[in-house]
Amino acid sequence: MRVYTVNGDTLQALSGSGIGLILDTGNGQLASLAASAANADAWVKANVQSDQGLTIKYIAVGNEVPDQGGNTSDILPAMKNVHDALARASLGGIKVSTAVHSGVTQGFPPSRGTFSASHMPPIAQYLASIGAPLLANIYPYFAYKGDTTNIRLDYALFTAPGTVVTDDNGNRYQNLFDALVDTMYSALESAGNGSVGIVVSESGWPSAGDAVATTDNARTYNQNLINHVSKGTPKRPGVIEAYIFAMFDENRKSGLETEKHFGLFNPNQSPAYPISF
């Protein structure tokens with residue numbers, strides 16, 4: 001599970017469950033965490049050491065910066081300070097990373113992927129040095145919405161009957177999810193850090209709010225995602241660690257109507273639609 005804000009009730013419910021967690025610092029904390037080791041020590045003490053019984057796998061130092069707030073120049077120093085603070089607290093088994101979206105990359109087909117954002121290569125180098133994965137928010141829905149002329153809906157939903165894109169290197173792509181993940185892998189390789197793995201820290205499809213945001217499409221995408229992640233991508237076969245966004249519809253969220261409808265469950269905890277894990 002991924003927890004975006006450190007909430008006492010949420011963490012208490014998860015304590016002792018054995019459920020592996022991505023714990024976000026929140027973008028509002030980036031400047032403070034980047035500013036000093038003492039601030040990072042205090043954050044780790046208050047938010048990690050104080051929560052015994054949790055199985056924290058990753059700390060996400062920033063999420064989609066700067067789109068969701070924060071300055072990109074703060075990400076790397078904040079990551080370093082949090083990593084070192086965890087080590088001082090004898091919690092070095094928790095990996096430190098940051099979560100990015102596909103907008104930090106450019107290039108097509110996937111083998112031509114590079115980082116379009118200048119802050120990314122130093123982050124990739126640091127991740128390689130500490131043996132941590134990059135957290136990537138992968139959304140075929142948004143890629144499709146951004147280019148309905150050239151991207152087929154069945155390609156985005158994992159329902160294309162055969163190969164849609166053949167890469168220069170011969171890799172064949174039957175779904176957009178794999179293409180987006182492999183574009184990110186190619187960007188890591190082009191930055192000289194091909195050893196860095198990718199954890200898909202968000203992926204999902206809205207069930208209401210526009211013409212393709214339907215219950216059927218949301219169920220189709222998320223069920224196919226669950227069924228697919230054991231296979232890996234053409235570039236990197238094997239199991240993909242992935243997190244579905246989101247657990248609950250966010251009826252109080254601002255912005256586009258679709259932003260309120262990514263949940264597997266309604267706010268009253270009833271299922272938004274049937275899904276099988």
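- Atoms CZ and CG, on Arg2 and Asp24 in that order, are 4.0 Å from each other to the nearest 0.5 Å.
- For the side chain to side chain contact (heavy atoms under 4.5 Å, CB included) with Pro110, the lone residue among Val181, Leu180, Thr183 that qualifies is Thr183.
- For the atom pair CE (Met120) and CG (Leu76), the distance works out to 10.5 Å, reported to the nearest 0.5 Å.
- Residue pairs satisfying the ring pair (Phe, Tyr, Trp, His ring centres under 6.0 Å) criterion with at least one member in residues 217-238, sequence neighbours excluded, are listed as follows: Phe158-Tyr221, Phe158-His228, Trp205-Tyr221.
- The salt bridge (Lys or Arg N to Asp or Glu O under 4.0 Å) pairs that include a residue from residues 250-276 are Glu250-Lys253, Lys253-Glu259, Glu257-Lys260, where partners are two or more places apart or lie in different chains.
- For residues 85-100, the pairs satisfying side-chain hydrogen bond (donor to acceptor under 3.5 Å, both in side chains) are Asp41-Arg88, with sequence neighbours left out.
- Applying the salt bridge (Lys or Arg N to Asp or Glu O under 4.0 Å) definition to pairs two or more places apart or across chains, those involving residues 166-178 are Arg112-Asp168.
- Across every non-hydrogen atom of Ile56 and Leu23, the tightest pair is CD1-CD2, 4.0 Å.
- Applying the salt bridge (Lys or Arg N to Asp or Glu O under 4.0 Å) definition to pairs two or more places apart or across chains, none involves residues 25-38.
- A perpendicular orientation is assigned to the rings of Phe245 and Tyr139, their planes being inclined by more than 60° (bins at 30° and 60°).
- Heavy atoms only, all atoms of each residue included: Asn71 and Val65 are closest at C-CG1, 3.6 Å.
- Screening residues 17-50 for ring pair (Phe, Tyr, Trp, His ring centres under 6.0 Å), with sequence neighbours left out, gives no hits.
- In this structure, CG in Asn224 is found 11.0 Å from CZ in Arg219, a value given to the nearest 0.5 Å.
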